[in-house]
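Inspection log for the structure reproduced underneath, given as structure tokens.
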Amino acid sequence: MLYAILCYNDEDVVGSWSKEEDDAVMEKLGVVQEKLAKQGRLGPVARLLPTTAATTLRKGQQALVIDGPFAETKEQLLGFYIVDCETLEAAIETARELAQANPGPGAYEIRPVRLFQPGQAVGAT
């Protein structure tokens, strides 16, 4: 089953890292990514730009497009992984490995993924 591991942290903290600190974190994350890739379990991975680069579409009577940032929490979604895990426990263990590679506070939200293709749905139901 595919799981999305959504990576949350305080983007002000992450944005304040020096290039050397950021490179060190990315190298540690790369070790986990390489392991997952060798196991054939790694799907798309993305590091999102800061919320200041975001645009929001608010639903309502008339859709409203607003320049970001409009995050209402201390932690923002900074990136995500799509991983193939046999069980939720395996996905949690993968998230633990990512958390150990990434310093400081934050959270990793784990959600089953349902893929949509024309005429059929695959993945979690």
Side-chain angles (χ1 to χ4, degrees):
M1 175 174 295
L2 294 178
Y3 288 89
I5 300 178
L6 309 175
C7 311
Y8 291 87
N9 205 331
D10 182 333
E11 70 180 12
D12 290 335
V13 171
V14 173
S16 71
W17 291 344
S18 68
K19 180 176 180 348
E20 292 76 20
E21 290 170 314
D22 189 66
D23 288 348
V25 170
M26 296 310 288
E27 186 174 324
K28 290 177 187 175
L29 291 170
V31 170
V32 178
Q33 292 173 30
E34 186 175 320
K35 174 185 160 190
L36 293 168
K38 284 182 180 177
Q39 295 170 346
R41 297 177 41 217
L42 185 63
V45 175
R47 186 175 191 184
L48 302 176
L49 293 177
T51 55
T52 54
T55 300
T56 302
L57 175 75
R58 291 264 180 229
K59 299 188 314 181
Q61 287 286 351
Q62 294 182 340
L64 178 62
V65 177
I66 308 166
D67 289 336
F70 288 101
E72 297 179 11
T73 65
K74 291 183 180 181
E75 298 172 345
Q76 292 78 39
L77 176 62
L78 300 184
F80 64 87
Y81 292 81
I82 302 294
V83 295
D84 188 5
C85 298
E86 289 189 26
T87 64
L88 174 58
E89 290 75 23
I92 292 169
E93 183 56 35
T94 300
R96 277 193 182 106
E97 291 181 51
L98 293 167
Q100 290 170 353
N102 197 352
Y108 288 81
E109 181 179 341
I110 303 161
R111 289 195 199 177
V113 173
R114 183 174 183 180
L115 298 176
F116 292 98
Q117 297 175 351
Q120 65 180 7
V122 269
T125 57

Counting N and O atoms only, with roles assigned by atom type, does the side chain of Asn9 sit under 3.5 Å from a partner on the main chain of Glu11, one being a donor and the other an acceptor?
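A pair under 3.5 Å: no.
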Verify, without hydrogens or angle tests, whether Asp67 (side chain) and Thr55 (backbone) share a donor-acceptor contact under 3.5 angstrom.
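No; zero donor-acceptor contacts below 3.5 Å.
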Is there a side-chain contact between [X] and [Y] (heavy atoms, below 4.5 Å)?
| X | Y | result |
| --- | --- | --- |
| Arg41 | Cys85 | yes |
| Tyr81 | Leu29 | yes |
| Ile82 | Val45 | no |
| Leu2 | Val83 | no |
| Val25 | Pro103 | yes |
| Gln100 | Lys28 | no |

Does Glu27 have more than 12 heavy atoms from other residues, nucleotides or ligands lying within 6.0 Å of its CD?
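Open: at most 12 neighbouring heavy atoms sit under 6.0 Å from CD of Glu27.
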Partner residues of Val31 under the side chain to side chain contact (heavy atoms under 4.5 Å, CB included) criterion, sequence neighbours left out
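Counting only residues at least two positions away or on another chain, Val31 forms no side chain to side chain contact (heavy atoms under 4.5 Å, CB included).
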Identify whether Leu78 and Leu49 are in the same connected component of the hydrophobic contact network (ILVMFWY, side-chain heavy atoms under 4.5 Å).
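Different clusters.
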Do you reckon Ile92 sits in the same ILVMFWY cluster as Met1, going by side-chain contacts under 4.5 Å, direct or chained?
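Linked, Ile92 and Met1 end up in one cluster.
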Cationic N near anionic O, under 4.0 Å, Glu21 to Lys19
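Answer for the salt bridge query: no.
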Ion pair Arg47/Asp22, N-O distance below 4.0 Å
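Yes, Arg47 and Asp22 are salt-bridged.
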In terms of side-chain heavy atoms, does Tyr108 have a donor or acceptor partner in Asn102 at a distance below 3.5 Å?
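Yes, because at least one side-chain N or O of Tyr108 sits under 3.5 Å from a partner of the opposite role on Asn102.
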Nearest 0.5 angstrom please: Glu97 CD to Gln33 CD, how far?
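With rounding to 0.5 Å, CD (Glu97) is 12.0 Å from CD (Gln33).
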Please report the C-alpha distance between Glu109 and Tyr8 in whole Å, then the side-chain angles of each, then the deciding distance to 0.1 Å, and finally whether the side-chain contact (heavy atoms from CB on, under 4.5 Å) criterion is met.
CA-CA 8 Å; Glu109 181 179 341; Tyr8 291 87; 3.3 Å; yes
If you take all heavy atoms of Leu6 and Arg111, which pair is closest and at what distance?
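Smallest interatomic distance, heavy atoms only, reads CD1-NE, 4.2 Å.
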Heavy-atom pair with the smallest gap, counting every atom of Ala91 and Ile5:
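Residues Ala91 and Ile5, closest heavy atoms: O-CD1, 3.9 Å.
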Could you walk me through whether Thr94 and Tyr3 satisfy the side-chain contact (heavy atoms from CB on, under 4.5 Å) test, starting with their C-alpha distance in whole Å, then the side-chain angles of each, then the deciding distance to 0.1 Å, before giving a yes or no?
CA-CA 10 Å; Thr94 300; Tyr3 288 89; over 6 Å; no
